[in-house]
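Have a look at the structure below, then the notes.
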Amino acid sequence: MSGGLVKGGELKTRLLVTCCLVLADWTSSISAQIQGSNSSGLHSDYRDLESPDPAVRKGAFEKLRSNRELLNSPETAERLLTLLLREREDAMRRVALGLDVEDGLREQVLGVAWELWADRMDARVFRIFATDFYNPGSEYARSLGAKAGRFADVLLELSETEDRSLRECAAALSGYALLEDRMGSVPLTDVQREKLRRLLEAASRDLDFGVRVAAVQSLSNERDEWAIAVLEQMYERGPSLHAAGEPQRTSEELRSRIREAMAAIRARAAMPSHDFEALQAVYRELGSSSLSARTKALDALAKREGFLGFIDTPERLLRQLRVETKALRSQPALAQQGTVDEAAKFYERLLMTTWQAWKQRLTSQSFRILAEAVYDPDSAFRRELGPHVGRFLGEVLRMTDPENPPPLRINAVWLLVSAMAEDEAGRAPLAAERRNRASGAILRLFGDKDQSVRSSVFEALRHLGGAWAIPLLETVYDRDPSLRHEVETTREAIAKRPGQQ
């Protein structure tokens, strides 16, 4: 799990105390289990997970993560929850002291622990994951929300805390649980559904702006009149909140979101029930483990009138693309069912269909998922994506992080070079500050630790470089004369390109 997990916001003393109590209780529980077992003592890596030295804890975690046999041990799953609580407690303490928080290890532990626990949670474990730091709009929150219906009582409890960030997350998770229920993916009981609706109604009246925004977002996924009624009441309360001191701009932003949410609900309600149910079935098939089912679902979206342009389809395509990309990068042999060619064709169609659905309405999240997809760096898709890099330069720069796998950094190389080429041609001009950041990142990538990334910089420049690239090549040669051949051949290739004479 990556990107978008850390969420800003105040961290209340009450939550810190709660976290410490949970940690102490959880640690005691594990200790009792271990003492009662046949184990002669803790594994050294387990002991290191409890070290006061963050570097030692990180080293122990990385050893466990790389050992599949140890990682699948029930004891490891328990230990990682303890480590997650410990890292969270440390982060909260640092925030309370006004210190910087380095969240890298906590995020990694959260991702691995989630993979181990996602399919076997009880209320206690769900509470640990639900009270962590994350963006309510992140993929992690969506995955957690899909499990949340069984734990409606936990969400209701969180929605009544003094910590506004927990109330916001409770509203977001409730919305995701109701969405999965509506889609038929994770059905709820009538009691669970009523509890979650009641939570959203309360969130709609919350005095905190962020909590109300989360409520609007959750309600926007609905199809029923009850959601319209709640949103209309929120809309009518806007002026009174402004009179009570809420800034006019904030009030207007929320009312705009409410109007958009009501339009989405009415669009769903306007679709005939049999068509709507058929579309929900297509969405479910799109997420099937069967390649043939996913292929048929993509065909149906393209062929059935109104399906591809329906309000929910772009998001569904984007989510599936993210899933397919993750599977493809972790398992290069695409074929689980069907041939490699069939799987590759499906992925390419999904990528291009998703691009068509989003290219006129790109957001930071959709751009990032598309940019991180698997594609030929010199493909037509990359060429279409290139002119948009300037708007989302920050997302591309994050892809250059040395901790990201080389294929992502190579994608970033081509997108950065493409952005510079579009700027030089005048098709997508960059502001001076963005131009400097892009060229600086390209220069850094010449020194990447991975040979394939370094080679990709020269290759991208040979295909797309212009006059702007010459100073970069000169700097590279000055730093490392051994690269003379690569620098000279790249300059020659640039000189031969049309318009570079």
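Computed from heavy atoms alone, side chains included, the values below leave out hydrogens, waters and symmetry copies.
By the 4.5 Å heavy-atom criterion applied to side chains, Thr325 and Tyr347 are counted as neighbours. Residues Leu49 and Thr82 have side chains not in contact (no heavy-atom distance under 4.5 Å, counting atoms from C-beta outward). Annotation: side chain of Leu81 is in contact with side chain of Ile128 (closest heavy-atom distance under 4.5 Å). Leu301 has its side chain out of reach of Thr353: every pair of non-hydrogen atoms, C-beta onward, lies at least 4.5 Å apart. Looking at heavy atoms from C-beta onward, Leu83 lies out of side-chain contact with Arg106 at the 4.5 angstrom threshold. By the 4.5 Å heavy-atom criterion applied to side chains, Ser452 and Pro406 are counted as neighbours. By the 4.5 Å heavy-atom criterion applied to side chains, Glu348 and Phe381 are not counted as neighbours. Residues Leu298 and Val282 are not in side-chain contact: their nearest non-hydrogen atoms beyond the backbone lie 4.5 Å or more apart.
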**Asked** Can you list the steps and then say if Phe310 with Thr313 is a side-chain contact (heavy atoms from CB on, under 4.5 Å)?
**Response** CA-CA 6 Å; Phe310 192 67; Thr313 299; 3.8 Å; yes

**Prompt:** Can you list the steps and then say if Val487 with Val476 is a side-chain contact (heavy atoms from CB on, under 4.5 Å)?
**Reply:** CA-CA 8 Å; Val487 169; Val476 169; 4.3 Å; yes

**Request:** Could you go through the side-chain contact (heavy atoms from CB on, under 4.5 Å) check for Leu464 and Met420 one step at a time?
**Result:** CA-CA 9 Å; Leu464 301 172; Met420 294 296 289; over 6 Å; no

**Test side-chain hydrogen bond (donor to acceptor under 3.5 Å, both in side chains) applied to Asp53 and Ser51, step by step** = CA-CA 5 Å; Asp53 185 344; Ser51 170; 5.4 Å; no

**Message:** Please determine whether salt bridge (charged side-chain N to carboxylate O under 4.0 Å, His left out) holds for the pair Glu50 and Arg79, giving the CA-CA distance in whole Å, both sets of side-chain angles, and the decisive distance to 0.1 Å.
**Reply:** CA-CA 9 Å; Glu50 302 175 359; Arg79 286 280 166 181; 2.3 Å; yes

**Message:** One pair to check against salt bridge (charged side-chain N to carboxylate O under 4.0 Å, His left out): Glu89 and Arg86. What are the steps and the verdict?
**Reply:** CA-CA 5 Å; Glu89 178 189 354; Arg86 191 176 301 278; 5.5 Å; no

**Residues Cys169, Tyr134; criterion side-chain contact (heavy atoms from CB on, under 4.5 Å); working and verdict** = CA-CA 8 Å; Cys169 289; Tyr134 52 91; 3.4 Å; yes

**Pair Phe458-Phe446, ring-ring contact (aromatic ring centres under 6.0 Å, His included): steps then yes or no** = CA-CA 8 Å; Phe458 286 109; Phe446 274 112; 5.0 Å; yes

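A salt bridge links Asp448 and Arg409; the closest N-O separation between the charged side-chain nitrogens and carboxylate oxygens is under 4.0 Å. Ion pairing between Asp299 and Arg349 holds under the 4.0 Å rule for side-chain N and carboxylate O. Here Glu324 does not pair with Arg329 in a salt bridge; the nearest charged N to carboxylate O distance is not below 4.0 Å. Between Glu492 and Lys496 there is no salt bridge, since no side-chain nitrogen of the basic residue lies less than 4.0 Å from a carboxylate oxygen of the acidic one. Of the charged side-chain nitrogens involved, none lies within less than 4.0 Å of a carboxylate oxygen, so that Arg454 and Asp450 do not count as a salt-bridged pair. Here Arg57 pairs with Glu87 in a salt bridge; the nearest charged N to carboxylate O distance falls below 4.0 Å. Electrostatic pairing of Arg319 and Glu180 counts as a salt bridge here, judged by a charged N lying under 4.0 Å from a carboxylate O. Salt-bridge annotation for Arg88 and Asp132: present, with a side-chain N of the basic residue lying under 4.0 Å from a carboxylate O of the acidic one. Ion pairing of Glu342 with Lys345 is absent here, as no side-chain N (NZ or NE/NH1/NH2) approaches a carboxylate O to less than 4.0 Å. Remark: Glu372 does not engage Arg322 in a salt bridge, criterion side-chain N to carboxylate O under 4.0 Å. Salt-bridge formation is not detected for the pair Asp423/Arg434: no Lys NZ or Arg NE/NH1/NH2 atom is positioned less than 4.0 Å from an Asp or Glu carboxylate oxygen.
For the residue pair Arg382 and Ser418, a side-chain donor N or O sits within less than 3.5 Å of a side-chain acceptor on the partner. Thr295 and Ser292 are not linked by any side-chain donor-acceptor pair at a separation below 3.5 angstrom, with hydrogens and angles left out of the test. Counted by atom type alone, Arg462 and Thr490 present one or more donor-acceptor pairs between their side chains at under 3.5 Å. Between the side chains of Tyr283 and Ser185, no donor N or O sits under 3.5 Å from an acceptor N or O.
One distance of note links CD of Glu139 with OG of Ser143; it measures 5.0 Å at 0.5 Å rounding. Here CG of Leu321 is found 4.5 Å from OG1 of Thr354. Values are rounded to the nearest 0.5 Å. Atom OG of Ser455 sits about 7.5 Å away from atom CD of Glu486, to the nearest 0.5 Å. Atom CD of Glu62 is separated from atom CG of Asp45 by 11.5 Å, given to the nearest 0.5 angstrom. In this structure, CD in Glu459 is found 4.5 Å from CH2 in Trp414, a value given to the nearest 0.5 Å. Distance CD/Glu384 to CG/Leu370: 11.0 Å, rounded to 0.5 Å.
Centroid-to-centroid, the aromatic rings of Trp114 and Tyr140 come within less than 6.0 Å.
The two residues Ala373 and Asn411 make their nearest non-hydrogen contact at O-ND2, 2.9 Å. Annotation for Gly137 and Gln365: closest pair O-NE2, 3.9 Å, computed over non-hydrogen atoms. For the pair Thr400 and Asn404, the tightest heavy-atom approach, listed with the atom from each and the gap, is N-ND2, 4.4 Å. In this structure, Gly145 and Leu173 approach most closely via the heavy-atom pair N-CD2, 3.7 Å. Gly466 and Glu424 get closest at one heavy-atom pair: CA-OE1, 3.4 Å. Between Leu461 and Ala469, the shortest heavy-atom distance links the atoms CD2-CB, 3.8 Å.
A side-chain donor-acceptor contact under 3.5 Å links Thr76 to the backbone of Leu70. Here the side chain of Lys58 pairs no donor or acceptor atom with the backbone of Leu105 at under 3.5 angstrom.
Listed by first and then second residue, the salt bridge (Lys or Arg N to Asp or Glu O under 4.0 Å) pairs involving residues 473-485 are Glu474-Arg491, Arg484-Glu488 (not counting sequence neighbours).
Other residues, nucleotides and ligands contribute over 12 non-hydrogen atoms within 6.0 Å of the CZ atom of Arg120. With a 6.0 Å radius and a threshold of 12 heavy atoms from other residues, nucleotides or ligands, Gln451 has its CD atom above the threshold.
Residues passing the ring-ring contact (aromatic ring centres under 6.0 Å, His included) test with Phe209: none are found, sequence neighbours excluded.
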Acceptor/donor pairs from residues 253-261 side chains to any protein atom, 3.5 angstrom cut, sequence neighbours excluded:
unit_1, atom_1, unit_2, atom_2, d
Glu253, OE2, Arg257, NE, 3.4
Glu253, OE2, Arg257, NH2, 3.2
Arg255, NE, Tyr235, O, 3.3
Arg255, NH2, Tyr235, O, 3.2
Arg259, NH1, Tyr235, OH, 2.9

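Using a 30° and 60° split on the angle between ring planes, Phe392 and Phe367 fall in the parallel class, below 30°.
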